[in-house]
Amino acid sequence: MPYDPANSEPRWQQAWDEAGTFRAVRDERPKYYVLEMFPYPSGRIHMGHVRNYTMGDVVARYKRAQGFSVLHPMGWDAFGMPAENAAMEQGGHPRDWTYANIATMRDQLKPLGLSIDWSREFATCDDGYVAQQQALFLDMLEAGLIYRKAAVVNWDPVDMTVLANEQVIDGKGWRSNAPVERRELTQWFFRISDYADELLTSLDGLDGWPEKVRLMQANWIGRSRGLQFRFDTVNVPDVPQIEVYTTRPDTLLGASFVAISPDHPLARSLEADAGVAAFNAAARKLGTSEEAVETAEKLGLDTGIRVRHPLDPDWQLPVWIANFVLMDYGTGAIFGSPAHDQRDHDFAVKYGLPIRATFGKPGMTKAEADALVAAEPFVPLKSEPVTYVRGFSGEADQTGEAAVAAAIDHAEAAGYGEGVTKYRLRDWGISRQRYWGCPIPVVHCRKCGTVPEAKANLPVLLPRDVTFDVPGNPLDRHPTWRQATCPRCGGEARRETDTMDTFVDSSWYYARFTAPHAQTPTDRADADYWMNVDQYIGGIEHAILHLLYSRFFARAMVRTGHLPEKSAEPFAALFTQGMVTHEIYLTRDDRGRPVYHLPEDVRDGKLADGTPVEVIPSAKMSKSKKNVVDPVNIVQSFGADTARWFMLSDSPPERDVEWTASGAEAAAKFLARVHRLAEETGAEDREDADLTRSAHRAIDEVTRAIEGFAFNKAVAKLYELANAIGRSQASGEPRRAVLRIAAQLLAPMVPHLAEDVWKLSGGTGLAVDAPWPIPDPAALVQDSVTLPIQINGKRRGEITVPAGMAQAEIEQAVLADEAVRRHLNGQAPRKLIVVPGRIVNVVA
RNA sequence: GCCCGAGUGGCGGAAUGGUAGACGCAGCGGAUUCAAAAUCCGCCGCCGCAAGGCAUGUCGGUUCGAGUCCGACCUCGGGUACCA
């Protein structure tokens with residue numbers, strides 16, 4: 001019987017199903033919790049999903065074979081904007097669209113044969129999940145973790161609606177094309193910044209996380225030590241002082257201007273002036289994203305106001321409004337030190353402000369330092385020693401770090417400022433003026449003010465009868481939904497119409513999976529047993545926001561009693577996988593615009609009519625570029641195992657992988673070859689010690705590759721094992737014994753084929769239940785080693801010696817080597833380096 | 001702009017500071033076949049007849065020895081707080 005995945009894959013899936021193989025149960029085994037970031041139900045699964053879930057499945061099946069009780073769940077990150085956009089574009093209801101997508105994607109996912117406990121599946125828009133998330137919200141509110149304050153949003157003045165940053169394109173609304181304004185709204189916030197220091201210092205303990213993610217989070221939290229002080233204004237009685245925060249107080253004598261945010265109270269108070277009003281209005285049209293603000297042209301406006309320098313009351317500095325100073329950071333005001341900051345330097349040059357060096361390279365005079373910074377700022381590392389030419393505290397020769405500390409000491413002693421620690425991390429605004437999200441369970445009572453909904457009244461569910469034919473929040477204009485009863489006084493109240501940021505939904509789903517049907521957010525016994533997630537797998541794009549919010553949320557859940565102490569860090573290990581890419585094929589129309597073509601319409605770089613196509617390699621798959629490969633087609637034509645095998649081959653998991661038709665065919669060919677090998681084992685029993693040794697080396701190497709998340713290397717080792725089996729003369733039971741090892745090693749990656757091979761080679765029961773093999777140590781020892789010989793660092797020969805040969809003996813053998821004698825030409829070597837078991841280098 | 005990554009044959013990639021190119025794809029040659037597909041075997045970084053030389057994005061440094069460590073730069077990708 002040839003390899004026939006279309007027939008065998010569903011059969012094995014049914015066998016696992018009937019045996020309840022993947023149901024996660026609490027028992028006496030040690031537990032292992034594998035979680036892949038759950039998908040947004042966008043419509044269809046794509047190759048990125050296949051790759052992500054296959055990787056998780058390898059880990060889950062491998063750990064299961066090692067005797068762990070494995071929890072490997074799946075769910076849906078189901079609230080979010082695309083459902084509302086679909087309703088606006090095609091009509092229909094976001095709820096129907098979402099659940100239909102979930103049904104489609106579940107049907108597409110199941111044939112992949114993932115070892116998922118489907119009984120735990122949920123969507124974040126399910127009434128049960130909404131109910132428990134609202135209960136969590138109320139507990140967090142009571143614990144003082146939530147508050148309201150004013151914050152700015154992108155406002156589309158034509159559509160009269162709030163826009164997400166991605167809906168703002170070049171400062172304009174994506175539908176209306178109207179210039180976006182910043183508008184202040186009162187919004188709900190989580191006090192994540194209360195945990196800034198803990199979230200930062202705890203990163204050190206996350207050994208199972210990639211260093212790059214910890215670094216990104218640390219930079220995001222951005223702890224800084226600096227000086228907070230005040231400039232006294234000159235003749236502005238309403239605003240006697242401007243509060244400033246700086247991380248470089250050592251450059252205070254190099255200050256040449258003060259810059260305030262267009263949203264600074266002083267800037268606002270000056271808007272009676274038409275010039276200021278126009279400048280501020282233009283600045284507010286940049287939208288709210290940091291990227292837009294920071295990449296926009298740096299512009300300033302001199303207010304005419306002057307402030308006194310704190311170290312010299314006779315020295316006055318101009319106050320400018322600058323479009324790059326954000327009200328959200330620090331105090332919304334800075335002083336510019338052009339000599340030692342690129343942005344300030346650009347600003348000073350543009351507006352003709354003075355550039356005075358505070359320090360120069362070691363030993364420089366004041367004149368030399370000023371010359372140094374005239375054209376370019378001098379910005380050395382803070383740890384480098386420099387010479388202060390306009391210092392006022394500490395030594396003249398010191399590092400920036402020492403100078404900053406000395407400047408803070410000076411300010412505190414003299415009483416004009418104080419050293420403070422600040423964080424870049426801001427509180428988490430969760431209010432969304434949108435329909436398709438979890439309602440915030442609060443009412444506004446005329447008498448009692450803002451009152452939390454009573455837990456007995458949960459869940460607060462979204463009304464079904466809404467339409468999306470006009471922009472804006474349907475909850476706001478619903479005829480009855482907003483009418484509520486105040487839980488405190490029983491009087492008339494108005495329901496909160498903001499819904500929660502969808503990052504809230506994904507900040508605790510991992511905890512909910514431990515008890516998805518509980519009538520409380522979590523079940524204590526289940527959480528105690530299953531938490532924490534032992535291996536979390538997902539895209540690097542979530543390195544900061546999702547993972548930081550989840551780390552905060554876990555702490556909030558510990559504080560409100562929903563998770564045990566040990567769960568403050570919910571993800572013990574994290575792996576970030578790369579994207580699946582595909583070439584883009586395009587031709588040009590008569591006006592030079594690109595016309596994209598589907599991969600199946602392109603053969604040998606040409607269309608069917610012979611037109612050659614341009615090829616863009618390694619591009620992120622996107623529908624509009626027509627370079628999407630649908631996993632369903634791949635599974636139908638080659639089988640799930642081929643899709644899985646290819647997604648694990650070649651590229652290391654953390655890097656992008658390019659989908660190619662030839663790669664998929666190669667994967668299919670290999671799997672068919674393995675199947676053939678299992679069918680042709682021969683009747684007569686014949687041993688092959690070399691093959692057995694190869695099999696045990698493969699156990700060792702594949703095990704280590706899986707442990708190290710190097711699935712591409714595990715694949716390479718399995719190719720080698722298959723090649724060894726193909727070459728070997730072993731037959732009968734000895735050959736089948738090796739094939740059973742191969743089946744076990746293949747099982748986490750291509751589980752269906754592994755079952756075929758297991759059965760063909762005489763395995764008992766299911767391969768999925770076979771314990772992970774352990775290599776025979778005797779098969780792993782090497783009795784001789786080949787050492788390359790370098791002469792002056794260049795490889796000139798090699799020598800094979802018994803393993804463990806004494807160094808002196810190796811040296812003798814090397815000196816006797818012909819190539820060495822030829823190069824040494826009778827001279828004694830200057831140096832002879834023997835790295836045991838590795839290499840020999842002769843320095844002539 | 002700022003933060004974080006990545007860059008190695010025609011292609012995907014391998015390589016605790018120690019033989020650069022494991023394994024696979026493509027290509028080339030052969031076997032099998034009436035023929036083809038499939039399968040099996042062999043070759044395969046570049047230049048060179050060879051000896052040898054050149055090669056891990058670019059330039060410089062540390063080292064007996066650098067793809068790996070350090071510095072500067074280039075290109076591409078992720079994030080940038082309301083995409084998920």
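Computed from heavy atoms alone, side chains included, the values below leave out hydrogens, waters and symmetry copies. All chains are named by letter (A, B, ...) in the order of the sequence lines, taking the proteins before the strands, and each is independently numbered beginning at 1. Note that this is a predicted model, so its numbers are computed, not measured.
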* To do: Would you indicate what Trp428(A) reaches in the nucleic acid, counting non-hydrogen atoms under 4.0 angstrom: base, sugar-phosphate, or nothing?
  => nothing

* What is the distance, rounded to the nearest whole Å, between atom NE2 of His345(A) and atom C1' of rC2(B)? -> 19 Å

* How would you label the contact of Ser506(A) with the nucleic acid (heavy atoms, under 4.0 Å): base, sugar-phosphate, or nothing? -> nothing

* Asked: Which value, in whole Å, describes the distance between the P atoms of nucleotides rG65(B) and rC54(B)?
  -> 15 Å

* Per Lys212(A) side chain, nearest of listed nucleotides rU19(B), rA84(B), rC4(B) -> rC4(B)

* Within the structure shown, what part of the strands sits under 4.0 Å from Asn723(A) by heavy-atom distance: base, sugar-phosphate, or nothing? -> sugar-phosphate

* Structure fact -> Assert: residue with more 5' nearest nucleotide on RNA chain B, out of Asn712(A) and Leu545(A), is Asn712(A)

* Asked: Will you find, in the side chains of Ser431(A) and Asp498(A), an N or O donor that is under 3.5 Å from an N or O acceptor?
  -> yes

* To do: Give the rounded distance in Å between these two atoms: CZ of Phe646(A) and P of rG13(B).
  => 11 Å

* Nearest-neighbour nucleotide for the Ala666(A) side chain, rC25(B), rU80(B), rC23(B) considered -> rC25(B)

* Rounding to the closest angstrom, what is the interatomic distance between rC70(B) and rG52(B) at atom P? -> 35 Å

* Asked: Which word best sums up how the rings of Trp508(A) and Tyr129(A) line up, parallel for under 30°, tilted for 30 to 60°, or perpendicular for over 60°?
  -> parallel

* Asked: So which nucleotide from rA84(B), rA81(B), rU19(B) ends up closest to the side chain of Asn165(A)?
  -> rA81(B)

* Asked: Just one of Asp501(A), Thr499(A), Asn473(A) clears the side-chain hydrogen bond (donor to acceptor under 3.5 Å, both in side chains) bar with Arg432(A), so which one?
  -> Asp501(A)

* Asked: Separation of Arg727(A) atom CZ from rG42(B) atom C1', in whole Å?
  -> 13 Å

* Candidates rG12(B), rG65(B), rA22(B) - which lies nearest the side chain of Asp650(A) -> rG12(B)

* Do Glu290(A) and rG1(B) have a side chain to base donor-acceptor pair shorter than 3.5 Å? -> yes

* What integer number of Å spans the P atoms of rG67(B) and rU58(B)? -> 12 Å

* Residue met sooner reading RNA chain B from 5', once Ser651(A) and Pro82(A) are mapped to nucleotides -> Ser651(A)

* To do: Please work out if Ile833(A) contacts a base, only the sugar-phosphate, or nothing of the nucleic acid, heavy-atom cut-off 4.0 Å.
  => base

* Looking for any heavy atom pair under 4.0 Å, which part of the strands does Leu425(A) touch: base, sugar-phosphate only, or nothing? -> base

* **Test item: side-chain donor near acceptor, Thr288(A) and Asn154(A), under 3.5 Å** => yes

* Does a side chain donor of either Trp645(A) or Thr54(A) reach within less than 3.5 Å of an acceptor in the other side chain? -> no

* Send over the distance from Arg432(A) CZ to rA84(B) C1', rounded to a whole Å. => 12 Å

* C1' gap between rG27(B) and rG9(B), integer Å -> 13 Å

* To do: Spell out yes or no: do the side chain of Arg673(A) and the base of rU39(B) have one donor N/O and one acceptor N/O closer than 3.5 Å?
  => no

* **Nearest-Å distance once atom C1' is located in both rU56(B) and rU19(B)** => 15 Å

* To do: Please measure how far the C1' atom in rU62(B) lies from the corresponding atom in rG71(B), and state the result in whole Å.
  => 11 Å

* Structure fact -> Ranking rG24(B), rG13(B), rA15(B) by distance to the side chain of Pro652(A), first place goes to rG13(B)

* Asked: Base, sugar-phosphate, or nothing for Val162(A), non-hydrogen atoms under 4.0 angstrom?
  -> base

* Atom pair distance, as rounded to whole Å: OH in Tyr549(A) and P in rA81(B) -> 9 Å

* Rounded C1' spacing from rA6(B) to rC73(B) in Å -> 16 Å

* Heavy atoms under 4.0 Å, any strand shown: does Ser662(A) hit a base, just sugar-phosphate, or nothing? -> sugar-phosphate

* Asked: If you look at every strand shown and take non-hydrogen atoms under 4.0 Å, does Arg830(A) touch a base, only sugar-phosphate, or nothing?
  -> nothing

* To do: With Arg214(A) as the cation and Trp209(A) as the aromatic partner, state whether NZ or CZ is under 6.0 Å from the six-membered ring centre and within 45° of the axis.
  => no

* On a whole-Å scale, what distance lies between the C1' atoms belonging to rC2(B) and rA81(B)? -> 14 Å

* To do: Could you check whether Gln342(A) gets within reach of a base, just the sugar-phosphate, or nothing at all, counting any heavy atom under 4.0 Å?
  => nothing

* To do: Under 4.0 Å between any heavy atoms, over every strand shown, what does Val835(A) touch: base, sugar-phosphate, or nothing? Just pick one.
  => base

* What is the ring orientation for Phe670(A) with Tyr719(A), classed by angle as parallel under 30°, tilted 30 to 60°, or perpendicular over 60°? -> tilted

* **Shortest side-chain distance from Glu541(A), nucleotide among rA81(B), rU19(B), rG79(B)** => rG79(B)

* Asked: Base, sugar-phosphate, or nothing for Phe503(A), non-hydrogen atoms under 4.0 angstrom?
  -> base

* To do: Represent RNA chain B in dot-bracket notation, 5' to 3'. Only Watson-Crick or G-U wobble pairs with both distances under 3.5 Å count; pseudoknot-style crossings use [ ] and interstrand partners use |.
  => (((((((..(((.....[....))).(((((.......))))).(((....)))..(((((..]....))))))))))))....

* Take the protein atom CD of Gln217(A) and the nucleotide atom P of rA81(B), then report the distance between them rounded to whole Å. => 16 Å

* Asked: Just checking Lys717(A): base, sugar-phosphate only, or nothing, at a heavy-atom cut-off of under 4.0 Å?
  -> nothing

* To do: For Gly663(A), report the nucleic acid contact type (base, sugar-phosphate, nothing); a contact means any heavy atom under 4.0 Å.
  => nothing

* To do: State the NZ-CZ distance between Lys717(A) and Arg697(A), to the nearest 0.5 angstrom.
  => 9.0 Å

* Asked: Between the base of rC3(B) and the side chain of Asn219(A), is there a donor-acceptor distance below 3.5 Å?
  -> no

* Would you please say whether a donor-acceptor pair under 3.5 Å links the side chains of Ser506(A) and Asp77(A)? => no

* Is a side-chain donor-acceptor pair under 3.5 Å present for Asp156(A) with Thr161(A)? -> no

